[in-house]
Amino acid sequence: MVNDNAQLYSMDVSATADQAWKALTDPEVVRRWYFGTAPRTSWEVGSTIDYVDDDGGTQITGILLEVDAPRTFSHTFIATWYGTENDQGSLQWQLEPAAEGTRIILVHRDRHAGSREGSETDEGSQRLMDSLRKVLEDG
């Protein structure tokens, strides 16, 4: 269920669930579509997940809330790209079978609806989905 402060993004891709999971979790693949950042984590619930740029700077940080490979993972989302910590709620990535491959669903909960940060995050989330599709379908 998506509440008023949540946004859902969904797309079907012509990729297997394993390929999609790798695109969401493998640092080298993630770097290609996630604004030049890669996840650094142990993938254990309760552990930190940082999205780190090529210079070693943390652009997003959070705590893993759920990990059920290869179906879903979620984490809190604190943006650090403006030099301060900005709580953006949480992100949940879900994978489901689809007619021609895999459905990838991104749910962004408790975002700043109607604010500048919410608008930027909405635009950024859509760009992420578009970039992820390109990596999965075009290589």
Side-chain angles (χ1 to χ4, degrees):
M1 171 182 276
V2 178
N3 64 30
D4 289 339
N5 270 342
Q7 185 65 41
L8 178 111
Y9 305 88
S10 178
M11 67 180 176
D12 291 358
V13 293
S14 58
T16 67
D18 287 339
Q19 290 168 324
W21 185 257
K22 182 176 180 177
L24 292 173
T25 60
D26 182 280
E28 293 308 312
V29 181
V30 174
R31 178 175 273 103
R32 294 172 44 206
W33 63 271
Y34 208 116
F35 301 116
T37 67
R40 183 174 56 200
T41 185
S42 67
W43 294 108
E44 295 176 17
V45 172
S47 68
T48 300
I49 183 168
D50 292 326
Y51 285 82
V52 180
D53 63 26
D54 289 338
D55 296 327
T58 299
Q59 300 302 312
I60 297 170
T61 190
I63 302 297
L64 281 165
L65 303 171
E66 172 187 26
V67 178
D68 183 11
R71 290 183 282 270
T72 187
F73 75 93
S74 63
H75 61 84
T76 59
F77 175 20
I78 299 172
T80 58
W81 56 73
Y82 290 126
T84 60
E85 291 189 359
N86 185 346
D87 187 347
Q88 296 280 321
S90 67
L91 298 179
Q92 180 179 36
W93 293 94
Q94 303 169 15
L95 302 178
E96 299 176 353
E100 299 296 323
T102 303
R103 177 165 296 131
I104 300 173
I105 302 165
L106 170 60
V107 181
H108 187 177
R109 291 183 174 84
D110 300 321
R111 70 198 205 326
H112 302 291
S115 69
R116 183 184 125 234
E117 291 88 358
S119 177
E120 287 177 356
T121 303
D122 289 344
E123 291 172 19
S125 294
Q126 188 57 59
R127 284 182 49 206
L128 282 178
M129 295 295 277
D130 294 342
S131 295
L132 177 56
R133 176 191 303 277
K134 186 175 173 91
V135 165
L136 282 168
E137 292 188 347
D138 298 340

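Note that these values count all heavy atoms, side chains included, but never hydrogens, waters or copies made by symmetry.
Using cut-offs of 30° and 60° for the angle between ring planes, the His75 and Tyr51 rings count as tilted.
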Next item on the list: Test side chain to side chain contact (heavy atoms under 4.5 Å, CB included) on Tyr9 and Leu132 and set out the steps.
Entry: CA-CA 12 Å; Tyr9 305 88; Leu132 177 56; over 6 Å; no
Check: Passes side chain to side chain contact (heavy atoms under 4.5 Å, CB included), Leu136 versus Thr102? Steps please.
Finding: CA-CA 11 Å; Leu136 282 168; Thr102 303; over 6 Å; no
Next item on the list: Would you sort out whether Glu85 and Asp87 count as a side chain to side chain contact (heavy atoms under 4.5 Å, CB included), showing the intermediate values?
Entry: CA-CA 6 Å; Glu85 291 189 359; Asp87 187 347; over 6 Å; no
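Annotation: the span from Asp130 atom CG to Ser125 atom OG amounts to 11.0 Å, rounded to 0.5 Å. Of the inter-residue distances, the one linking Thr80 atom OG1 with Ile78 atom CD1 reads 9.0 Å to the nearest 0.5 angstrom. Taken from CD in Gln88 to OG1 in Thr76, the straight-line distance is 11.5 Å, to the nearest 0.5 Å. Distance check: Leu8 CG to Leu106 CG gives 8.0 Å after rounding to the nearest 0.5 Å.
Smallest separation of non-hydrogen atoms from Phe77 and Ile60: CD1-CG2, 3.3 Å. In terms of heavy-atom proximity, Pro27 sits nearest to Pro39 at CG-O, 3.6 Å. Across every non-hydrogen atom of Ile104 and Val13, the tightest pair is CD1-CG2, 3.9 Å. Of all the heavy atoms in Leu95 and Ala20, the pair that sits closest is CD2-CB, 3.9 Å.
Side-chain atoms of Ser10 and Arg103, non-hydrogen and from C-beta on, do get closer than 4.5 Å to each other. Between Glu44 and Leu64 the shortest side-chain heavy-atom distance does not fall below 4.5 Å. In this structure the side chain of Leu65 never reaches within 4.5 angstrom of the side chain of Gln92, judged on heavy atoms. Within the 4.5 Å cutoff, no side-chain heavy atoms of Glu100 are placed close to those of Asp12. Side-chain contact check for Trp93 versus Trp21: every heavy-atom pair is 4.5 Å or farther apart. Side-chain contact between Pro70 and Asp18 is present, with at least one heavy-atom pair separated by less than 4.5 Å.
Under the 4.5 Å side-chain contact rule for hydrophobic residues, Ile63 and Val45 do not share a cluster.
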In a table with atom names and distances, give each donor-acceptor pair under 3.5 Å that connects a side chain of residues 30-37 to protein atoms at least two apart or in another chain.
residue: Arg31; atom: NE; partner: Asp54; partner atom: OD1; Å: 2.7
residue: Arg32; atom: NH2; partner: Gly139; partner atom: O; Å: 2.3
residue: Trp33; atom: NE1; partner: Ala23; partner atom: O; Å: 2.7
residue: Thr37; atom: OG1; partner: Tyr34; partner atom: O; Å: 2.8

